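So the structure is just underneath, and the comments pick up after that.
Just so we're clear, the structure is a prediction, and the values are computed from it rather than from any experiment.
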Amino acid sequence: MEDRAEEDRTRQNRGCDGTDRQSHTTPCTSLRIFLVALSFAYFAKALSGSYMKSTITQLERRFDIPSYLIGVIDGSFEIGNLLVIAFVSYFGAKLHRPKIIAMGCVLMSIGTFIIALPHFMIGRYEYETSVRWVENSTLSPAPCRAGLPAELTQDGKRPQEQSTDCESESNLSMWIYVLLGNVLRGIGETPVQPLGISYIDDFTTEENAALYIGCVQTISVVGPVFGYLLGSLCAKIYVDIGFVKMETITITPADSRWVGAWWLGYLIAGVITLLSAIPFWFLPRSLPVPGPQFQRKDSDEQKGFIKDHPHMKNKYTADEHTSFIEMAKDFIPTLRTLLAHPVYLIYLCVTVIQLNSLIGMVTYKPKYIEQHFRQSASKANFLMGVINIPAVALGMFSGGLLMKRFKLNIMGAAKFAFSTSLIGYVLSMFFFAMSCENAKVAGVTLSYDKIDEISYDKHSLFTACNRDCVCSSNEWDPVCGENGITYLSPCLAGCSTSAGLRKNTVFSNCSCIGVGGNLTANTGQCHEKDDCDSMFPYFLALSVISSFIISLGGTPGYMLLIRCIKPELKSLALGFHALATRTLAGIPAPIYFGAIIDTTCLKWGQKKCGGIGACRIYNTTAYRIAYLGLTLSLRTVSFIICIPGFILLGRQLKKEEQDAIHALSNGGTELEALRKEECVILNSDQPLHTPENSTDRHTRL
């Protein structure tokens with residue numbers, strides 16, 4: 001009866017993994033709280049990160065900067081990671097991991113609020129327009145004013161415009177605050193992944209670790225769904241909503257000059273991130289380690305063998321009383337040991353190259369949809385959030401389930417991840433065939449003399465039909481003529497009169513439109529959707545399928561990283577992996593992708609005081625080749641590097657198997673010797689059950 005009562009008490013004191021409870025909060029409850037908290041933290045950081053990418057076009061236009069500079073801002077998040085990630089990963093694993101994650105979430109929140117700060121410090125957004133909002137009037141000034149082109153300065157501006165509002169342009173350097181806020185976000189995000197994943201893997205059973213990590217990674221992919229949807233919503237709202245009269249705005253969200261309320265989403269994301277920090281403050285430093293069931297009355301020597309049990313192969317528990325100086329002394333030798341691991345190095349190279357491709361593609365994919373398929377920024381973000389991202393989330397979750405269902409080992413996980421990536425690579429090649437013709441813009445993609453033939457040669461904006469107008473060649477105020485051609489401005493279309501209000505303004509007597517030169521034009525670009533309307537659904541379908549297949553290998557690939565190194569190196573390996581991918585992929589990829597995309601620009605916006613601003617229209621054919629070609633080229637290189645990786649991984653697994661067999665045979669020999677010794681003791685004349693003999697025998701066993 002006493003034994004049964006003891007057994008019942010032991011069962012009640014065990015956590016969800018069969019471990020003994022050591023506090024008032026059960027390990028099972030603490031682990032579940034940690035899983036929910038970490039999932040919410042992943043959701044918050046993924047939401048704010050994806051929202052940043054959804055506002056790329058808005059930030060370009062608001063601060064009048066090119067794509068490569070936006071790449072610098074986007075990469076500044078990784079710079080923040082770079083500053084602290086190695087030390088956080090190494091020292092954080094030996095300290096109170098949940099509280100360090102909580103502090104990181106608070107820093108992320110502060111950084112997100114700083115990003116929104118410039119909106120409240122700079123003036124109202126002003127865009128180029130020939131339409132004037134005059135109260136109680138239906139007439140607007142004539143676009144084509146009599147004069148000579150010689151009255152313009154060499155850079156295409158009217159003399160009186162040269163110095164107008166030059167002083168206010170210095171406010172545009174406020175984008176520095178966006179960069180600094182993103183750096184702080186990167187610093188705050190640093191402990192979430194390496195410390196959170198290692199905490200789960202240390203305090204759960206091996207068969208559940210893959211499923212739990214898969215769940216957390218899935219939530220991290222659900223975050224971008226809401227991030228892009230938030231970006232879609234804010235892109236529809238005018239940037240200065242609440243500060244200007246909306247009836248005075250003469251452009252629509254489809255216009256290339258439109259800027260949405262980019263700052264509003266950052267305030268929302270900052271609040272969500274701040275809330276995610278709360279649960280971590282109340283979680284314990286560590287939980288009982290899952291493993292074989294040992295009763296509490298076991299001796300200290302028996303408990304010492306727990307670390308050598310097979311269930312403990314991939315577990316590591318930090319020493320509670322390790323001093324900071326001792327940890328610092330061990331850092332360099334530990335890092336040297338990690339970097340001497342050949343499989344880890346190959347894995348590092350492959351993931352760095354793959355992430356260069358992935359980060360560059362994801363960063364500029366909404367912009368690619370906007371420019372190539374002529375969709376608004378709001379619709380592009382909506383499609384990314386509703387169609388593309390859920391496919392990725394489902395793929396990552398399915399990958400974790402498949403790994404648990406088929407009980408894939410390290411080699412099986414590596415082959416599975418490679419196969420899914422290769423299939424996605426082949427499918428991505430079909431994107432090259434999905435093209436749309438460039439927009440027909442007079443003087444940019446069309447000659448004024450040959451409006452039926454698209455050409456990317458340098459065309460003149462000034463011709464016989466607008467030679468009597470004083471027009472600026474740098475102005476971007478597009479109008480759509482009745483002939484279906486877009487003109488850079490009403491003045492360059494030769495329009496002499498206008499009537500109507502705001503968005504409904506109609507320009508008439510346009511000498512460059514039509515044979516007789518007496519057709520009209522409306523504000524905004526012409527929306528030609530003939531070939532794109534039929535092609536765009538196929539693009540979306542293929543994008544969903546390829547994203548799902550590639551993401552199937554996400555969780556098995558991540559488990560390969562965890563399992564290919566020793567347990568005591570796990571946190572440092574995860575941290576250094578994050579450091580390398582952020583340094584060599586997260587920082588440079590958006591910059592050089594943006595710089596290459598900039599080379600395909602056909603018409604740049606101009607700042608008030610000179611210098612190029614944001615691009616207004618791209619060569620869509622060159623954009624497609626540069627964007628897709630660079631993405632697939634990087635992935636090709638990564639597949640080549642995988643070949644020696646499989647060879648080295650096979651050798652490592654074979655060596656580990658031989659070592660395990662050798663250790664097992666040695667253990668059998670020692671056990672046989674103990675049995676023989678026990679038989680000698682039993683056959684001797686000494687008393688068999690004296691306390692001294694019992695203790696000595698127990699110690700030897």
Quiz prompt | Pair Y228 and F382, ring centroids less than 6.0 Å apart | solution =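 No, ring centres 6.0 Å or more apart.
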Checking side-chain polar atoms at under 3.5 Å, does [X] have a donor or acceptor matched by the opposite partner on [Y]?
X    : Y    : value
T252 : W258 : no
N438 : T445 : no
S376 : E370 : no
E482 : T520 : yes
T636 : Y425 : yes
K367 : Y627 : no

Polar side-chain atom of [X] near backbone of [Y] as donor-acceptor pair, under 3.5 Å:
X    : Y    : result
Y266 : A116 : no
Y238 : P253 : no
S447 : G443 : no
Y487 : C512 : yes
T55  : Q58  : no
S511 : C465 : yes
T363 : G360 : no

Quiz item: Between C480 and Q525, does a side-chain contact (heavy atoms from CB on, under 4.5 Å) hold up when you go through it step by step?
Solution: CA-CA 5 Å; C480 179; Q525 286 183 252; over 6 Å; no
Quiz item: F77 and E189: side-chain contact (heavy atoms from CB on, under 4.5 Å), yes or no, with the steps?
Solution: CA-CA 9 Å; F77 176 85; E189 191 266 352; 3.7 Å; yes
Practice problem: Evaluate whether the separation between SG of C491 and SG of C469 stays below 2.5 angstrom. | Solution: no
From [X] [atom1] over to [Y] [atom2], what is the distance, rounded to the nearest 0.5 angstrom?
X    : Y    : atom1 : atom2 : value
S543 : K365 : OG    : NZ    : 2.5 Å
C436 : R374 : SG    : CZ    : 6.0 Å
M384 : L540 : CE    : CG    : 10.5 Å
I591 : I70  : CD1   : CD1   : 11.5 Å
W263 : I268 : CH2   : CD1   : 9.0 Å
M535 : H372 : CE    : NE2   : 8.0 Å

So which atom in [X] and which in [Y] form the shortest heavy-atom distance, rounded to 0.1 Å?
X    : Y    : answer
L488 : A442 : CD1-O, 3.8 Å
S551 : G395 : OG-CA, 3.3 Å
I550 : G424 : CG1-CA, 3.6 Å
W476 : R257 : O-CD, 3.4 Å
M174 : I122 : CG-CG2, 3.1 Å
N381 : P366 : OD1-CB, 3.8 Å

Quiz item: By side chain to side chain donor-acceptor pair (under 3.5 Å), which residues pair with S357, not counting sequence neighbours?
Solution: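 Scan of S357 (side chain to side chain donor-acceptor pair (under 3.5 Å), adjacent residues dropped) gives none.
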Exercise. Under the side chain to side chain donor-acceptor pair (under 3.5 Å) rule, collect the residues that match up with S76, sequence neighbours excluded.
Key: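 S76: side chain to side chain donor-acceptor pair (under 3.5 Å) contacts with N182.
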Practice problem: Show your working on side-chain contact (heavy atoms from CB on, under 4.5 Å) between Y51 and F226 and close with a plain yes or no. | Solution: CA-CA 8 Å; Y51 183 76; F226 292 89; over 6 Å; no
Self-check item: Six-ring centre of F431, R624 cation under 6.0 angstrom, axis tolerance 45°
Solution: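 That pair does not qualify as a cation-pi contact.
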Quiz item: Would you say the side chain of Y618 lies within less than 4.5 Å of the side chain of I597, judging by non-hydrogen atoms?
Solution: yes
Exercise. Test side-chain contact (heavy atoms from CB on, under 4.5 Å) on L358 and L634 and set out the steps.
Key: CA-CA 9 Å; L358 178 65; L634 289 168; over 6 Å; no
Quiz item: Can you tell me if OH on Y125 sees more than 12 non-hydrogen neighbours from other groups inside 6.0 Å?
Solution: yes
Practice problem: Count the heavy atoms belonging to other residues, nucleotides or ligands that lie under 6.0 Å from OH of Y538, then report whether that count exceeds 12. | Solution: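 Not more than 12 within 6.0 Å, no.
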Practice problem: Given ring pair (Phe, Tyr, Trp, His ring centres under 6.0 Å), test W262 with F63 step by step and report yes or no. | Solution: CA-CA 12 Å; W262 59 273; F63 298 109; 5.8 Å; yes
Quiz prompt | Where at least one partner belongs to residues 584-603, residue pairs that pass side-chain hydrogen bond (donor to acceptor under 3.5 Å, both in side chains), sequence neighbours excluded | solution =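 Checked against side-chain hydrogen bond (donor to acceptor under 3.5 Å, both in side chains) - neighbours excluded - the pairs reaching residues 584-603 are S67-D598, N356-Y592.
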